[in-house]
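Have a look at the structure below before the remarks.
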Amino acid sequence: MERYKKKDMLQAVDTLLKANDAIVKTVRSNPQGAAEALVQCQESAIALGTYIDTLGEKYTGLVRVLEDYCENIFQMSENLPNENLCRKVSKKIQKQLTGLQNSIKYELPDDRKEVVFLPYKASMWDSLESVWKAADADENTDAYVIPIPYFDKNPDGSFKEEHYEGDRYPKYVPIIRYDAYDLEARRPDIIYIHNPYDECNHVTSVHPYFYAKNLKNFTDKLVYIPYFILGEIEPDNQAAIDGMKHFCFMPGTLYADQVIVQSENMRQIYINEYIKAAKEMGLPGEHVDRKFLEKKFLGTGSPKIDKLLNTRKEDLEIPAEWLRVIEKPDGSWKKIVFYNTSVSALLQHSEKMLRKMESVFTIFKENQDEVALLWRPHPLIQATIESMRPQLWEGYQEIRDRYVEEGWGIYDDSADLDRAVVLSDAYYGDPSSLVQMYQRIERPILISRSEV
C-alpha cells in the first residue's frame with residue numbers, strides 16, 4: 001500500500017480539485033476523455049481513502065468524505081454528456097474536496113518519520129545499530145530493519161549463490177523481510193546503508209535493486225555509514241591517504257545525501273579526496289563544491305564504537321563449547337587472544353599466509369593450557385578466495401577444518417563481532433579496522449607478519 005505524507009495528501013486533493021474543473025470543461029466536447037478522467041479520479045480517491053483508513057477510527061470522517069466523493073464521481077459519469085447536470089455535481093465535489101483539504105491540513109497530525117536500515121551482512125550490523133536504537137526510541141519515528149540479500153561473485157564477475165542473513169541478527173532487533181516492504185510505495189524519509197560498493201566489489205554484491213544509485217530514487221535522504229573503521233590519518237599525510245582514498249569515492253559516497261565517518265580528520269580526508277576524484281571524472285556542481293560537501297560529510301563517529309563500548313563482558317552469552325576451551329581445571333579462565341586473519345593479507349601473501357596460519361596454530365596449540373585462541377577470520381574470506389584466489393581455497397579449507405576438528409581453540413564465524421572483542425584479553429593478527437576497536441578499549445595489540 002502506498003504511504004502518503006501529509007504534503008502528499010494535500011497535493012493529491014489539489015490534483016482532484018484541478019481535475020474536477022478540467023472535466024466539466026470537456027463534458028460536451030470530449031465525453032470519452034471526461035469518462036476516463038473520472039475513472040482516474042476515483043482510483044486516486046480510493047487509494048487515498050485506503051491509506052487514511054489505516055490512521056485509525058479518529059479519521060473515519062475523512063474516509064467517508066472520499067466515499068461520498070466517489071459516489072458523486074459515479075453520478076457525473078452516469079450523466080455524461082449532460083453538461084448542466086455534471087456542473088451541479090461538480091459544485092458538490094468542489095465543496096467536498098475543499099473541506100477535505102482543510103481537514104487534512106488542520107486535523108491530521110504532523111507526519112511520523114519513517115526510517116529504514118538496509119544491512120546485508122549480520123556481522124556488519126554494529127555499524128548501524130546505535131543509530132537504529134536512537135530512531136527506534138523516538139516516539140515520532142517508525143524504524144525498520146530490513147536485511148537485504150547479497151551474492152558471492154565468480155572470478156568473471158557474474159553472480160553465484162544468493163545469501164540472506166535475516167535470521168542472524170540479535171533477538172532484540174525486529175526484522176522485516178525485504179520482499180515485505182515496498183520501498184517505492186512507502187518512500188521512507190531516510191534510508192541508511194553500510195555497503196558503499198554497488199557493482200564495484202569484486203567479491204560480493206548486494207542485490208542490484210539495493211544499489212545506492214537506485215535507493216536514491218526512493219527517499220529524500222540516503223545516508224551511508226561505513227561498515228569499517230580505518231586507522232586514523234592526519235589530513236596532510238598524503239602517503240597514508242593514498243592507501244585508503246578509494247573508500248572516499250564509491251557509489252555510496254557519490255549517491256548518498258549524507259556520509260557519516262569516524263572522525264573530523266577522516267571527514268576532511270573524504271572531502272579532499274572526493275573533490276579530487278570528482279574533478280578527474282569531470283563531475284560538475286555539488287560534486288566539486290566544498291561548501292556543499294562540508295554539509296554532506298559528517299565526522300561524528302562510528303556506531304561500531306558505540307556498540308563496542310555499550311557491550312559488557314558480564315552480559316555476554318558464551319557458548320558452552322567456548323567455555324570448554326576457556327576454563328582451566330580449577331574454574332579460572334585462561335588469557336584469551338583474538339586472532340584475526342584478513343582478506344587483504346591472504347590476497348597479498350597467498351601461500352605464505354597459509355603457512356603463517358599453520359605456524360600460529362602450532363604455537364598456540366602448544367600453549368593451550370594457559371592461553372585460549374579465539375580465531376575469527378574476516379567474514380568475506382571464503383568468498384574472496386573463491387573469487388580472486390581460487391587456487392588457495394583447498395589449502396585454506398584444510399587448515400580451517402583441521403583447526404575446528406581438533407577443538408583446542410575457538411572458531412568464531414558468528415555475526416557477533418563485539419562479543420569476541422569484549423571477551424578477549426588481547427589482539428593478534430593482521431592490520432585491520434579491529435585494531436582501532438582494541439585501541440578504544442585499551443587492550444594489548446600485536447600485529448602479525450606474513451613470514452613464518
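More than 12 heavy atoms of other residues, nucleotides or ligands lie within 6.0 Å of NZ in K328, so this atom counts as buried by the packing criterion. A 6.0 Å sphere centred on NZ of K291 holds no more than 12 heavy atoms belonging to other residues, nucleotides or ligands. Atom NZ of K279 has 12 or fewer neighbouring heavy atoms from other residues, nucleotides or ligands inside a 6.0 Å radius. Around the CD atom of Q391, the shell of radius 6.0 Å holds more than 12 heavy atoms that belong to other residues, nucleotides or ligands. Residue E314 qualifies as enclosed at atom CD: its count of foreign heavy atoms under 6.0 Å is above 12.
A distance of 8.5 Å separates OH in Y438 from CG in L308, rounded to the nearest 0.5 Å. Between atom OG1 of residue T204 and atom NZ of residue K160 there is a gap of 11.0 Å, rounded to the nearest 0.5 Å. To the nearest 0.5 Å, atom CD1 of residue I271 and atom NZ of residue K296 are 10.5 Å apart.
Counting only heavy atoms from C-beta outward, the side chains of M437 and Y427 never approach each other to under 4.5 Å. The shortest distance between side-chain heavy atoms of F364 and Y403 does not fall below 4.5 Å. The side-chain heavy atoms of R389 and L346, taken from C-beta on, include no pair separated by under 4.5 Å. Using a 4.5 Å heavy-atom cutoff, the side chains of L392 and E351 are in contact.
Between the side chain of D111 and the backbone N or O of K6, at least one donor-acceptor pair lies under 3.5 Å. Panel note: side chain R290, backbone N272; no donor-acceptor pair is recorded below 3.5 Å. Between the side chain of K113 and the main chain of N140, no donor-acceptor pair closer than 3.5 Å is present. S387 places a side-chain N or O within donor-acceptor distance of the main-chain N or O of H202, the cut-off being under 3.5 Å. Between the side chain of D330 and the backbone N or O of S332 there is at least one donor-acceptor pair closer than 3.5 Å. No donor-acceptor pair closer than 3.5 Å links the side chain of D198 to the backbone N or O of Y211. Remark: side-chain polar atoms of R376 are not paired, donor with acceptor, to backbone N or O of A420 under 3.5 angstrom. Side chain of D220 to backbone of D189: no donor-acceptor contact under 3.5 angstrom is found. Side-chain atoms of R419 never come within 3.5 Å of backbone atoms of T311 as a donor-acceptor pair (strictly under, hydrogens ignored).
Using a cut-off of 4.0 Å between Lys/Arg side-chain N and Asp/Glu carboxylate O, D257 and K216 are scored as salt-bridged.
Between Y51 and Y4, the ring planes lie tilted relative to each other; the angle falls in the 30° to 60° range. Using the six-membered ring where Trp is involved, W125 and F117 have ring planes that are perpendicular, over 60° apart on the 30 and 60° scheme. Ring planes of Y172 and W132: parallel class, angle under 30° (limits at 30 and 60°).
For the pair I225 and S127, the tightest heavy-atom approach, listed with the atom from each and the gap, is CG2-O, 3.6 Å.
With a 6.0 Å cutoff to the six-membered ring centre and a 45° limit on the axis angle, R186 counts as a cation-pi contact of Y144.
Checked against the 6.0 Å centroid threshold, F338 and W375 do not count as a close aromatic pair.
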